[in-house]
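Residue numbers begin at 1 in each chain, while the letters A, B, ... track the order of the sequences.
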There are 2 protein chains.
Amino acid sequence: MATARAGGDARAGGRVPGRRGSATRGRLLECTASLLAGTGYRDLTVADIARCAATSPATFYQYFTDVEGAVLELAAELGDGLGPVVDRITTGDWTGEGGLEVARRVVQGFFDYYEEHRSVYRVVDLAAGEGDLRFRQARTRVLAAVTEALVGAIGRSRPGAGVDGEATAYVLVSMLVNSAAHRYGMEFWGVRTSRQVDALARIVHAAVTGAGSGPPA
Amino acid sequence: MATARAGGDARAGGRVPGRRGSATRGRLLECTASLLAGTGYRDLTVADIARCAATSPATFYQYFTDVEGAVLELAAELGDGLGPVVDRITTGDWTGEGGLEVARRVVQGFFDYYEEHRSVYRVVDLAAGEGDLRFRQARTRVLAAVTEALVGAIGRSRPGAGVDGEATAYVLVSMLVNSAAHRYGMEFWGVRTSRQVDALARIVHAAVTGAGSGPPA
DNA sequence: CCCGTGGTCTGACGGGTCGTCAGGTTCCGG
DNA sequence: CCGGAACCTGACGACCCGTCAGACCACGGG
């Protein structure tokens, strides 16, 4: 296939990977992730990455077009890991009282997942928001499995109802992502994580099943 | 009060503003906002801002400690503008069928508001997520009015119920913010804005009033 | 009308990063 | 032992950063 390289991948004009090459490439990626988690994206620099990987900046450019190329690579590996969350959504029994517990575990699973990838995900979110197509695509791909699982759960839970499963699933995922991202910000404000998880679970549960919890309108 | 300057403000060691000074300072801020909207944060540079404002980079540093200082300043002016949204939350009648319409207008108002400030807000979100206290504080302050209004609405709508108003309001706001931020990303995926607004409105309405829309559990 | 004072601007600089060559080094099969 | 492919890097011009000291206003008092 002559599909154009989306960018961010190795540049070396069509070279074969090779043993040693993949090693340094991997080391470069590790260092990128590590520095991203440490100092943050705003002052992540090629020079630093190269220093950390005990190699020269020039080498970096042999494998990635720029810093964002490396981050994009990390973003690609980001999709895996949401499997457990997807399972809980798909195989869980959303009906009755247990439904709320399913929702709670989904939310908790998402929080756990996010915790390991916050630094990478943050950049993806920023770049996607700024309109960068590569990152927008990466973001979509990462969250696709969860979104689709939610669409399925909604469709099964309330068939025929006048609800827009796709749109609902999408905004639910947005809620999960942003809540997880600003989890500590909320704690700083006095709202503990457990309370967040609970509130999120109620909303997810209500949105998926259509169940209410207050006085009937 | 000897409260330490949070940073981001003018540096000139305690100088008085002055006529001409405020002018260039304003021009600098305008250019920052403009470039932020245009080229995005990832390659926003002091040199560019200075060029745009027809002045020298050195002048920039006379008014702000660095690029983020200027953005932080823009973030401070960000809180105003959410007044209409707050009003709709506070004065709207959430009961009965009309409640859903109130929710819809709240969501739409938030989308409109966000549209004018996306570029600035994006940076605030990133920096806050990375733990920067100045930005975390700014973010809290910007969203505080809406969050509090929602807390009030929830408390009025379902007093005594076992719901955590604060946590619920906070995650609802997270949902609104992130949905607005990735509005175009969703459209790209085939979900039109009107559908997003509708889905968001249903969720907000359900969370505030406790009303359900599906078969009773 | 001139002049001084204090607010305002900037040229210039050392230090650092960026992205890219051309050419050196390492590895491996023959 | 040797040739070539894969891999690495020194070095370079361009640019940005952040910070001085000193030049440039502007305005009110003499």
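With DNA chain C read from its 5' end, the first of the two nearest nucleotides for A58(A) and S56(B) is the one closest to S56(B).
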Where do N or O atoms of nucleotides 28-30 of chain C meet protein N or O atoms at under 3.5 Å, pair by pair?
none

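Under the disulfide (SG to SG under 2.5 Å) criterion, the residue pairs touching residues 18-78 of chain B are C31(B)-C52(B), with sequence neighbours excluded. Among residue pairs with one or both ends in residues 104-134 of chain B, none qualify as disulfide (SG to SG under 2.5 Å); sequence neighbours excluded.
Taking 4.0 angstrom as the limit, Y61(A) places a side-chain polar atom (N or O) nearer than this to OP1 or OP2 of dG19(C). Contact annotation: Y63(B) side-chain N/O to dC9(C) OP1/OP2 distance is under 4.0 Å. Distances shorter than 4.0 Å separate none of the side-chain N or O atoms of T59(A) from OP1 or OP2 on dC8(D). Note on T24(B): a side-chain N or O is less than 4.0 Å away from OP1 or OP2 of dC9(C).
Of the residues in residues 42-55 of chain A, those with a non-hydrogen atom less than 4.0 angstrom from any atom of DNA chain C are T45(A), V46(A), A47(A), R51(A).
For the side chain to side chain donor-acceptor pair (under 3.5 Å) test, no residue two or more places apart in sequence or in another chain qualifies with Y113(A). Legend: residues meeting side chain to side chain donor-acceptor pair (under 3.5 Å) with S119(A), ordered by chain and number and at least two apart, are absent. By the side chain to side chain contact (heavy atoms under 4.5 Å, CB included) test, R42(A) pairs with Y41(B), E68(B), L126(B), A127(B), E130(B), D132(B), F135(B), sequence neighbours left out. Residues satisfying the side chain to side chain donor-acceptor pair (under 3.5 Å) criterion with D198(A), sequence neighbours excluded, are R104(A), R202(A).
Considering OG of S22(A) and CG of L29(A), their distance stands at 11.0 Å, rounded to 0.5 Å.
A donor-acceptor pair under 3.5 Å is formed between the side chain of T209(A) and the backbone N or O of H205(A).
Whole-Å rounding puts the Q62(B) CD to dT19(D) C1' distance at 11 Å. One interatomic measurement links the two molecules: CD of E68(B) to C1' of dG18(D), which rounds to 15 Å at whole-angstrom precision. What separates CZ of R20(A) from P of dT25(C) is a distance of 13 Å, to the nearest Å.
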Under 3.5 Å, sequence neighbours excluded: what are the donor-acceptor pairs made by side chains of residues 168-176 of chain A?
unit_1  : atom_1 : unit_2  : atom_2 : d
T168(A) : OG1    : D164(A) : O      : 2.8
S174(A) : OG     : N178(B) : ND2    : 3.1

